[in-house]
Each structure stands twice: as structure tokens, then as C-alpha cells.
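The structure under discussion appears below in the form of C-alpha cells.
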Protein chains: 2
Amino acid sequence: MTDSEIVKTSMSEDDCENFRTIELLFFAYRSFITDADEVLADYGFGRAHHRVLHFVNRRPGLSVAELLEILKITKQSLSRVLRDLMDSGHIAQERGAIDGRRRLLYPTKEGRALALRLSQLQSRRINAAFERQDNEGRRNVEEFLRLMIDPEDRDFVDQLGPRGDI
Amino acid sequence: MTDSEIVKTSMSEDDCENFRTIELLFFAYRSFITDADEVLADYGFGRAHHRVLHFVNRRPGLSVAELLEILKITKQSLSRVLRDLMDSGHIAQERGAIDGRRRLLYPTKEGRALALRLSQLQSRRINAAFERQDNEGRRNVEEFLRLMIDPEDRDFVDQLGPRGDI
DNA sequence: AAAATACGTCAGCCTTATTGACATATTTAA
DNA sequence: TTAAATATGTCAATAAGGCTGACGTATTTT
């Protein structure tokens, strides 16, 4: 590192396109998640708990392996979070009927209530952001976000929406 | 937690609007950041380094306090990351000319090059996601993202774009 | 019966964040 | 000109949430 030259000019859209979008994504996502953070803190939970709670509520009866696949974390990481949520009575396990090795995850009533509360907070922000947009605008936003996702994950997100009982 | 009732129905858009958008945001943002993660790993850097590098390149000469304000982290957190980036020759400090207490942060040539490389990766994904959208569609996306941001941060993002030399 | 699968857990490590306390240089105010 | 405020750096301890590797156990498949 022999004394490298200092640069004093700003990096701008001339150097690379889409700086504004890059920054909008950073700040938008940060605001988006802090909504839930505050509520989660009351339960001693973090974002990891939120993600698990969310997908268990969206796909009741999913297995641990499926959840790992969605979240792309290791089972060791998941297990701590899952234990917290089971200890607090937000999530419950059942052995699989067809395959007894699988532990199927379900929300409890309390887990459903918390998941809804968190989603409603985030939904409010989304509604406010969509306020001045028509259906076409919303479609544009959803298409953009969808195409930002790695192709491998896109199908999963799609089947999460309409139905597709696991 | 006296054995709470298990819920087996899926949480759906009937329960709360915008589930699809919530999930699109989660997956889109995850894909978005992993582009850069892979390059950063080669340098032994993480996302924290990326954020610092980015804003120092966008606002060369900003002070430590300003950077803390943008990132909303503590100086203790920042200092380690900043030290790594200075040790590796990606960022350099200069004492403020008017106020000698301030340490103004600048990218080096190497720091600028790395910041650009990372931005270009992310920009490519953004271009692909915008591919089938016209100017109106892009405006919709940017307006949506902008309104998702907490009002306090919106102005900062705006003045980051056009100019506004610090 | 043996092998593969699904899961749980123990132990140790890393990154990135936190808080609190304290040192230092520099500027500003009394 | 001394005192106070400011900007920064740093030390120490802690926490969340990731990771790898190894090993145990139930259950299903071969």
C-alpha cells in the first residue's frame, strides 16, 4: 500500500448508473425493517425471529429443512431462534404423519397474532408509499422487485402468494 | 405458556394486505446485497465496509460524525471498519482545514475503484430489473422506494443525488 | 440389517452491532 | 486566558446472529 493517491471528486451517476436506486434501496429497506424491530424488542426477539415467524405463518406445517432452504441459514443458526419461539409459545412442532422424521412447524394463536401485528406495521408503510400510485404503478414496483430476486428464488416467492399448500 | 392452540391455516392477503410486497422486498434486498458480498469477501470485508466505502466515495471529505449520522451506528462500530479500510489503503484521512478537530474522509484511487466495481455489480442487477419498464415505470419504482424511507432520511437521499458538496 | 435422511445439540469462532468510560486535540466562549 | 464544548479515538465488555465441525438419535428406505 505505498501511499495511494487521494480522490476528492464525488462518485456520481456519470461513473455508474443507478446510484440513486442503490441508495433508495438501502434507506428504504432500513426503514422498512425498523418498524418491526421495535415491537420485536419487547419480546426479546430480533429480525431472525421475525423471519422464522413470518414464513411459519405463511406456510404452516413446513419442515425445518424447508425453512432452512428459504432462509438460507444453517440449522445451528435456526435452532436457537426456533427454540426461543417455541419456548415463548409462538411456534409449535408436530411430527410428520407420513414421515415421522420431519418436524412440522406451526404457529400458535399467539404466534399468528404477533406475525399479523408485525405485518400490519410494514403494510401500513407500504400503503403510504403506494398512496399516489395507480394499479399500473403498483405493478411496476412489483415487477421491478420480482426481477431483482435471483431466478432460483423467484418461483418460491410466486407460489407463496396465491396458494400452493405444502 | 399453557399449551397454546395450534393454527393450521395459512396467513394470507385476507389477513393483511401487501404480503407479496413484504416478501418481494425481503428476497429482492437479499439478492441485491449478495452481489457485492462475494467481491467483498476477497478483501476480507463485509457489508459494513461496503456501506462506509460507498458513502465516502459519494461524499468525499465527509467527517466521521456525518458518516455516523448516515449509517446510524456508533463510533465504536465505525472505527473498526474504518481502520480496516484505512489499513488496506482504500480510505485516507485528512485533518479539516477550517476545523482541525474533524477528520475528513476520502477514498484513495483503490477505494474509488472498489466502490465502482461494487456499484456496477448492483447496477447491472437493477438494469436487468428495469429492462421491460419505461421511464414512467422507473419513476414509479423510485417514488415508491423514496416514500418507504423515513421522512428524516428522505432529504438526505435527495441531496445525495444531484450535488450538494459538503 | 444397513444405509440414508431429518433433526437436535454441543462447542467454538466470526462479524457487526451495542454501551460505558476515558484520553486527546482543537475550537469556542466566558 | 482559562474553561468548556466539540470531534475523534480507544479500551473493555456484551449481544445477536451468522458460521463450521462433530456427534447422537429417531425414522425411513434399501
Side-chain angles (χ1 to χ4, degrees), chain A residues 26 29-30 33-34 36-56 61-88 91-106 166, chain B residues 26 29-30 33-34 36-38 40-54 56 61-88 91-106 166:
Chain A
F26 169 67
Y29 194 75
R30 185 170 74 182
I33 46 180
T34 48
D37 282 348
E38 292 155 25
V39 174
L40 290 162
D42 295 341
Y43 295 81
F45 293 158
R47 288 169 194 174
H49 298 85
H50 187 187
R51 291 193 283 271
V52 169
L53 190 63
H54 180 88
F55 289 109
V56 168
L62 50 42
S63 66
V64 172
E66 286 164 338
L67 194 46
L68 292 176
E69 178 67 15
I70 295 169
L71 299 177
K72 298 200 199 301
I73 56 174
T74 59
K75 62 175 173 175
Q76 294 88 334
S77 296
L78 177 60
S79 78
R80 256 174 318 130
V81 174
L82 208 46
R83 180 120 313 276
D84 292 341
L85 287 166
M86 294 199 291
D87 287 349
S88 64
I91 286 184
Q93 271 188 346
E94 265 186 18
R95 281 200 108 86
I98 15 158
D99 186 340
R101 290 170 302 183
R102 309 178 82 192
R103 313 295 173 90
L104 309 185
L105 304 171
Y106 294 93
I166 278 170
Chain B
F26 170 67
Y29 194 75
R30 185 170 75 181
I33 45 181
T34 48
D37 282 348
E38 293 155 23
L40 290 162
D42 295 341
Y43 294 81
F45 293 157
R47 287 169 196 175
H49 298 84
H50 187 187
R51 290 194 284 271
V52 170
L53 190 63
H54 180 89
V56 169
L62 51 44
S63 67
V64 171
E66 285 164 339
L67 194 46
L68 293 176
E69 178 68 17
I70 295 169
L71 300 176
K72 299 199 197 301
I73 57 173
T74 57
K75 62 175 172 176
Q76 294 88 335
S77 295
L78 177 59
S79 79
R80 252 175 323 119
V81 173
L82 209 46
R83 179 121 313 279
D84 291 342
L85 287 165
M86 293 198 290
D87 287 349
S88 64
I91 286 183
Q93 270 187 349
E94 266 187 17
R95 281 201 109 84
I98 15 157
D99 186 340
R101 290 170 303 183
R102 310 178 81 191
R103 311 295 173 90
L104 310 185
L105 304 171
Y106 294 93
I166 279 170

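Sequence lines set the chain letters: A, B, ... in the order given, protein chains first and strands last, and positions in each chain run from 1.
- Near DNA chain D, meaning a heavy atom under 4.0 Å from it, residues 72-82 of chain B has B:K75, B:Q76 in order of number.
- Nearest heavy atom pair, residue B:R47 against residue B:D37, reads NH2-OD2, 2.8 Å.
- The interatomic distance linking B:E94 (CD) with D:dT8 (C1') rounds to 16 Å, in whole Å.
- Of all nucleotides in DNA chain C, those with any atom nearer than 4.0 Å to a heavy atom of chain B start and finish, going 5' to 3', at C:dT16 to C:dT27.
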What protein N or O atoms touch nucleotides 27-30 of chain D N or O atoms at under 3.5 angstrom, if any, and at what distances?
| from | atom 1 | to | atom 2 | distance (Å) |
| --- | --- | --- | --- | --- |
| D:dT28 | OP1 | A:G100 | N | 2.9 |

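- Here the P atom of nucleotide D:dG9 and the CG atom of B:L67 are 11 Å apart, to the nearest Å.
- Note: CG (A:L85) to P (D:dG17) measures 10 Å, nearest angstrom.
- Here D:dG18 presents its P atom at 8 Å from CG of A:L71, a figure rounded to the nearest Å.
- Using a distance-only test at 3.5 Å, with no hydrogens or angles considered, a donor-acceptor pair links the side chain of B:R30 to the main chain of A:L71.
- Positionally, the nearest nucleotide of DNA chain D for B:L104 lies more toward the 5' end than for the other of A:R51 and B:L104.
- Between A:L105 and A:F55 there is no side-chain heavy-atom pair separated by less than 4.5 Å.
- Proximity of B:Y43 to B:H49: side-chain heavy atoms (C-beta onward) are nowhere separated by under 4.5 Å.
- Nearest heavy atom pair, residue A:G100 against residue A:R95, reads O-NE, 2.9 Å.
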